[in-house]
Amino acid sequence: MPWAMRHNGLTLKRSHKQFWLGLGFASPFIIGFLLLTVIPFLQSLYFSFTEYDIFTKPKWIGLENYVNIFHDERFYKALTNTSYMAFIAVPITLVANLLIALLLNIKVKGIAFYRTVYYLPTVVPAIATSILWLWILNPDMGILNNLLRSLGLPDPAWLLDPNFTKPSLIIMGLFASGGGALIYLAALQGIPKEFYEAASIDGANWWHKLRYIILPALSPVTLFQLIMGLIGAFQIFTESFILTNGALGGPDQSMLFYAVYLYNEAFVNLNMGYASALAWILFVIVVLITIVIFKTSLRWVYYGGE
Amino acid sequence: MELSTRSMDTTHKTVEVKPKTKIRKSILAHIVLSLIGLVFIAPFVWLFLSALKTPQEIFQFPPSIFPEKPQWNNFIRTFETMPFFQYTLNTLFLCAANIVGQLISSPLTAYSISKIKWKGRNVVFGIIIATMILPGQVTMIPVYIIFAQLGWVNTYLPLTIGAFFGSAFNIFLLRQFIMGIPNELSEAARIDGASEIRIFWQIIYPLLVPPLATITIFTFSGVWNDFMGPLIYLNDDRLWTITLGLQGFMSQHGGEWELLMAGSAIFTIPSVILYFIGQKNIMKAGSSLTSFK
């Protein structure tokens, strides 16, 4: 292209200008990223090799924090509890999201009203939800156990019984499935009608349609929700803090989650070094999970179009 | 042979049976939708019903569903038993500051990585995606220490300054939107010699109202609901947000359920109102989030 050659000097100058322009516009994010992410990220790695209580200077202790963590019963407790939420609660929630989405995809009059109703519980702030459920699940006075008793069903102590605390959290979480359902719903509505029609002509029943049309079409959304759900599970904090009323982990520490333990070590016990090591282990876990999911997703996520 | 009988079958259905089954099906759908809908809404309704009961009625056995005499007074008592008004003002201030920050910074960055062709914009985009999965806990401790050394603990600075650097989520949302704006608009202005900042501010920014509305709502509810941030940075109870106030009230007056419910209900109402205002935008944001381009 002779034209481009002739203007080479100009385009070079222009691309130089473009670079500074682009960088300038992106500078709020870049500065924030350097100051509030990169530097703290590296600092926390350094702190994880020290003993540090904020008031005195950090003292280098090598791998001691990490060694101690691997002998720390509470660490394992927190990890087990968090894994329960990640690998049991998240899949249950995803299935619920999908079922609600399928329900809200039915074409009847007034469906918009139902969608609003189903979404409403997700609007309620976590702290209000937690206080509310503390009352609903109250073993003696709560409305749920009153209902269960009047039906002659067993009435567990819910948030006071270590075997029921995490299931209680799952139940609470299911009421917020309207949010995930709406994301699924948007994808559901993007499936061309012709797909269903063609399948019907071939004699497909509802299961075939679900298995071979809907699930593949929704798989990118499932990937998104799965990753966000797992990362969210590793950060559960407010619910545990409120439901246990500040008592670390509640009955038998059954709600001692990773983020709760980390907060407690850092800001209650002021073991900043130890907590930083916990944070780095969390980081490695989250990265590993994300990599594994992305790798396996090649097999089960179906991208339409290209 | 088999195929033809089946297709005959369907034509038969459409002629005679379909209207009836269709009505029956839609009645069934309404029944299922409303039953499950009732379950979904029940805790929410229970919050407001409990907020209107007397201390005696709330512990009554068997429990009453509707309050005998609605105690509207409970809402006023909430404001009397704790400085709820002050907490609300504090929280609103934090919300406003964060919204302003996000509305300035996120669009600038989003514009840079979608409409300006420069080396490195893909790197910045990659970083933005990566920070979306970075758990906040990893940077939380050093960030706290930095703010503590600056003497910012017990001020609102740590809870607002971050917004002025934009957020990955919002930038991503805006980028998806800006990508859909045709280049012709800005090209015409560029030929007329308009500077990039003028093109951004006078041509692009006004078009961003829908995603900016969504960001306003998300930022509001994020700050309004935030518990961990204020918990870490605000010790002085005059600076407390509503979340801290409710938690403090709960640990002091744990048994006064009707007041706790009233407080939680008041706290919930703005989120509900905002949801109804921004409903359409939120739905759109939900769908654009999952469509990578």
Side-chain angles (χ1 to χ4, degrees), chain A residues 18-19 21-22 25-26 28-29 31-33 36-37 40-41 43-44 47 54 103 106 108 114 117-118 120-121 123-128 131-132 135-136 141 143 146 175 182-183 186-187 203 220-221 224 231 234-235 237-238 242 245-246 259 262 266-267 272 275-276 279-280 282-283 286 290, chain B residues 6 26 29-30 33 36-37 40-41 43-44 46-47 50 59 62-63 105 108-109 111-113 116-119 121 124 127 131 133 135 137-139 141-143 145 148 162 164-166 171 196 224-225 227-228 232 243 246-247 250-251 257 260-261 264 267-268 271-272 275 283 286-287 290:
Chain A
Q18 289 292 98
F19 177 79
L21 209 56
F25 270 83
F29 176 78
I31 293 170
F33 176 69
L36 295 179
T37 304
F41 186 72
Q43 271 184 318
S44 92
F47 289 147
I54 296 193
L103 196 63
I106 297 175
V108 288
Y114 289 115
V117 168
Y118 281 63
L120 210 50
V123 178
V124 184
I127 194 154
I131 293 175
L132 170 65
W135 175 228
I136 292 176
M141 313 286 184
I143 184 78
N146 267 303
F175 280 85
L182 278 196
I183 300 181
V221 182
F224 175 81
I231 293 173
F234 274 90
Q235 316 211 27
F237 178 78
T238 305
I242 300 297
N245 208 349
L262 200 154
F267 298 102
M272 294 294 180
S276 298
W280 263 81
L282 171 70
F283 173 65
V286 169
T290 313
Chain B
R6 191 169 281 142
S26 84
H30 275 291
L33 279 165
I36 299 179
F40 259 77
I41 207 81
F44 186 76
W46 192 241
L47 172 66
S50 306
F59 288 118
S105 306
L108 281 170
T109 308
Y111 182 74
S112 159
I113 59 166
I116 302 176
K117 288 189 182 65
W118 60 289
K119 258 189 198 167
R121 76 173 194 175
V124 173
I127 290 171
T131 52
I133 64 161
Q137 278 86 357
V138 182
T139 51
I141 293 165
V143 168
I145 292 165
F164 289 87
F165 297 120
I171 294 168
E196 204 67 37
W224 186 258
N225 302 347
F227 177 63
M228 203 184 198
I232 291 173
T243 51
L246 278 174
Q247 197 266 329
M250 198 180 85
S251 46
W257 283 105
L260 265 174
M261 292 295 131
S264 301
F267 178 54
T268 301
S271 307
V272 175
Y275 164 61
M283 307 255 175
S287 54
T290 50

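In what follows, every chain begins at residue 1, and chains take the letters A, B, ... in the order their sequences are listed.
The closest side-chain heavy-atom distance from Pro43(B) to Ile136(A) is below 4.5 Å. Residues Gln43(A) and Ile141(B) have side chains not in contact (no heavy-atom distance under 4.5 Å, counting atoms from C-beta outward). Between Thr131(B) and Phe33(A), the closest side-chain pair of non-hydrogen atoms falls below 4.5 Å. Contact annotation: the side chain of Trp135(A) never approaches that of Leu260(B) to less than 4.5 Å [non-hydrogen atoms, C-beta and beyond]. Phe234(A) is not listed as a side-chain neighbour of Pro135(B), based on a closest heavy-atom distance of 4.5 Å or more. Annotation: side chain of Ile36(B) is not in contact with side chain of Tyr114(A) (no heavy-atom distance under 4.5 Å).
Remark: side-chain polar atoms of Ser112(B) are paired, donor with acceptor, to backbone N or O of Gly22(A) under 3.5 angstrom. Here the side chain of Tyr118(A) pairs a donor or acceptor atom with the backbone of Leu33(B) at under 3.5 angstrom. Side-chain N or O atoms of Thr139(B) include none that pairs as donor or acceptor with a backbone N or O of Pro40(A) at under 3.5 Å.
Using bins of under 30°, 30° to 60° and over 60° for the plane-to-plane angle, the ring pair Phe19(A)/Trp118(B) lands in the perpendicular bin.
Between Val138(B) and Ala279(A) the shortest heavy-atom distance is CG2-O, 3.6 Å. In terms of heavy-atom proximity, Ile242(A) sits nearest to Met250(B) at O-CE, 3.4 Å.
Every residue two or more places apart in sequence or in another chain that forms a side chain to side chain contact (heavy atoms under 4.5 Å, CB included) with Pro28(A) is listed here: Ser105(B), Leu108(B), Thr109(B). Residues forming a side chain to side chain contact (heavy atoms under 4.5 Å, CB included) with Asn146(A) (at least two apart in sequence, or on another chain): Arg149(A), Phe61(B), Pro63(B).
With a 4.5 Å cut-off on non-hydrogen atoms, Met141(A) touches chain B through its side chain but not through its backbone. Residue contact with chain B, scored on non-hydrogen atoms closer than 4.5 Å, involves the backbone and the side chain of Phe29(A) alike. For chain B, the nearby part of Val286(A) is the side chain; its heavy atoms alone come within less than 4.5 Å. With a 4.5 Å cut-off on non-hydrogen atoms, Phe175(A) touches chain B through its backbone and its side chain both.
Note that CG of Leu47(B) is 5.0 Å distant from CG of Leu132(A), once rounded to the nearest 0.5 Å.
When each of Val124(B), Val272(B), Ile232(B) is checked for heavy-atom pairs under 4.5 Å with chain A, Ile232(B) comes out on top.
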